[in-house]
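Read through the structure below, which is laid out as structure tokens, and then see the notes.
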Number of protein chains: 2
Amino acid sequence: MAPATDHLVTKLVSFMPLNQAELSCLADLQSASIEVERGRELLHQGEQEHVAYVLQAGWGCCFKILQDGGRQIITFPVPGDCVGLRSVILRTSDHAFTALTDAVVSRVEVSRILGMLNEFPRLGAALLWATSRDEAITVEHLASVGRRTAVERTAHFFMELWDRLRLVGLASEQEFDCPLNQYELADALGLSAIHVNRVLRDLRQKKLMTFQARTVSLHDIAGLKRLAGYEVIEPGTSRLLEL
Amino acid sequence: MAPATDHLVTKLVSFMPLNQAELSCLADLQSASIEVERGRELLHQGEQEHVAYVLQAGWGCCFKILQDGGRQIITFPVPGDCVGLRSVILRTSDHAFTALTDAVVSRVEVSRILGMLNEFPRLGAALLWATSRDEAITVEHLASVGRRTAVERTAHFFMELWDRLRLVGLASEQEFDCPLNQYELADALGLSAIHVNRVLRDLRQKKLMTFQARTVSLHDIAGLKRLAGYEVIEPGTSRLLEL
DNA sequence: CGACGCTTTGACACAACTCAACAACCGTGG
DNA sequence: CCACGGTTGTTGAGTTGTGTCAAAGCGTCG
């Protein structure tokens, strides 16, 4: 059975209203949910994968392992996020996906997605919007790692995370739960864990934000956004893809 | 009229064979080609865009400008590449797109893409494959900038570029034409132009490759791949999306 | 010819990394 | 109950990869 609140629906609805049939299609798609324990690897880098996942509860972690053992984290999926659609198309997964906390996911077979696209084209458009948004976030992430300083980058990361969590109702206006440790943060930001620690101290001392005891508290959002050079990737309701 | 060789077709065909109707649909889509001079900006960061482009000849440049004026280049589109599909969906473009050399592009209206997807679903699948591949490349790029050293990163960049160019028949087995200068390289790799210069000297001295007079010569491909930790994003003919 | 765009080099500065150590916190088991 | 190891966070000292600044070389083109 589906969780109390369906975060995927919450997210898609912010893009376009969905009718009853579409909602039940989404519910159906996610009906077979699986509980996975923290650390479980659901998608394996370099292997052929024929399934995608919708994360329903808990956090995930998409990353690549490099030659020297280094790790680059691409994104931390949160409830409502889809993972692995791309690897389905490319036939082999270019990255791995693990559960960062105990989590609930639903496996989605390719065939069902294709079927859904046929039967409910508007859902296809909504899904396309969601994945495009994820892409835009990856591109922004690239810009961060390539051209922002460690502090700017870190501030930017938290602003983006905050926006993503609010979109599915998992963050309040000044704080949110965040199960990441400094190693994970480091591998996402392209920094060393030790430097992340110093950066967090910096942000704390500048009274911008704190990250302690698994919770992020935003003390000066305007200041953070200014520091990060943050611009919203606006939800922007669909005017264009009238389907 | 279409150019002598249609690079988009070359690329898509490497993924799945196309029939006559599909080929002429693609030809039709690109029929209205426009010549643009070097430096012309076709997509503007932050603006609402309702068109996408197919690059037919010449090189392009997709990038973000940051707060402090810094620039992060996302990718250098080469002939056969599609640009701006995402901005069409998100309604506003998250990055800019310019012609890096004199180029030939064709504007593609959103409506025509949607029409194409309806009429020729296999073309949709092929296009989805191409964009997924681009995404995978962006992710790999992120990993490079986040976790590889300057030399590794540079070697990796050229290996990938080489693969992309070969896919559309624009690179031989040991060299290819490359109109980039060291500033552009720097902004793509997240380095300073001066350091790029040092890195290129390094690669030259190690007898791995040279980049001079607009041409890249690969002297030791195995060595480059080893240094870069390069893995192919294999074309992989479609077995999965039987449409 | 001079101007311009691009490359190349050297000297120096600094952001971020590494190593090493310690502190705080946890759950577990004696 | 305390002792314990394991995980995570914190700090300092020294190193290094890369950035910055400044200047010169070198084609090309008007």
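Chain letters run A, B, ... following the sequence lines, proteins first, then strands; residues in each count from 1.
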Open item on the list: On the side chain of A:Arg201, is there an atom forming a donor-acceptor pair with the base of D:dG9 - under 3.5 Å, no angle test?
Closed with: no
- [ ] Assess whether one donor atom and one acceptor atom, taken from the side chain of A:Arg38 and the base of D:dT7, lie less than 3.5 Å apart.
- [x] no
Starting at [atom1] of [X] and ending at [atom2] of [N], how long is that distance when rounded to a whole Å?
X        : N      : atom1 : atom2 : value
B:Phe211 : C:dT8  : CZ    : C1'   : 15 Å
B:His195 : D:dT16 : NE2   : C1'   : 11 Å
B:Glu152 : D:dG17 : CD    : C1'   : 12 Å
A:Leu185 : D:dG9  : CG    : C1'   : 12 Å
B:Leu191 : D:dT20 : CG    : C1'   : 14 Å
B:Ile194 : C:dC12 : CD1   : C1'   : 12 Å
B:Leu200 : C:dC6  : CG    : P     : 15 Å
B:Asp68  : D:dT20 : CG    : C1'   : 14 Å

Proximity to the side chain of [X] - top-ranked nucleotide from [options]:
X        : options                : value
B:Asn197 : C:dT9, D:dG9, C:dC19   : C:dT9
B:Tyr183 : C:dT7, D:dT18, C:dA16  : C:dT7
A:Ser192 : C:dT8, C:dT18, D:dT10  : C:dT18
A:Arg198 : D:dT10, D:dG19, D:dA13 : D:dA13
A:Asn181 : D:dT8, D:dG19, C:dA16  : D:dT8

Task: From CD (B:Gln72) to CZ (A:Arg147), nearest 0.5 Å - done: 6.0 Å
- [ ] Say whether, by atom type as modelled, one donor and one acceptor occur between the side chain of B:Gln67 and the main chain of A:Arg226 under 3.5 angstrom.
- [x] yes
Open item on the list: Can you classify the ring geometry of B:Phe76 versus B:Phe157 as parallel (below 30°), tilted (30 to 60°) or perpendicular (above 60°)?
Closed with: perpendicular
Open item on the list: Between B:Arg148 and A:Asp68, does any side-chain N to carboxylate O distance fall below 4.0 Å?
Closed with: no
Task: Phosphate-side-chain proximity, A:Gln182 and D:dT7, N/O vs OP1/OP2 below 4.0 Å - done: no
- [ ] Verify whether one side chain among B:His195 and B:Arg198 offers a donor that lies under 3.5 Å from an acceptor in the other.
- [x] yes
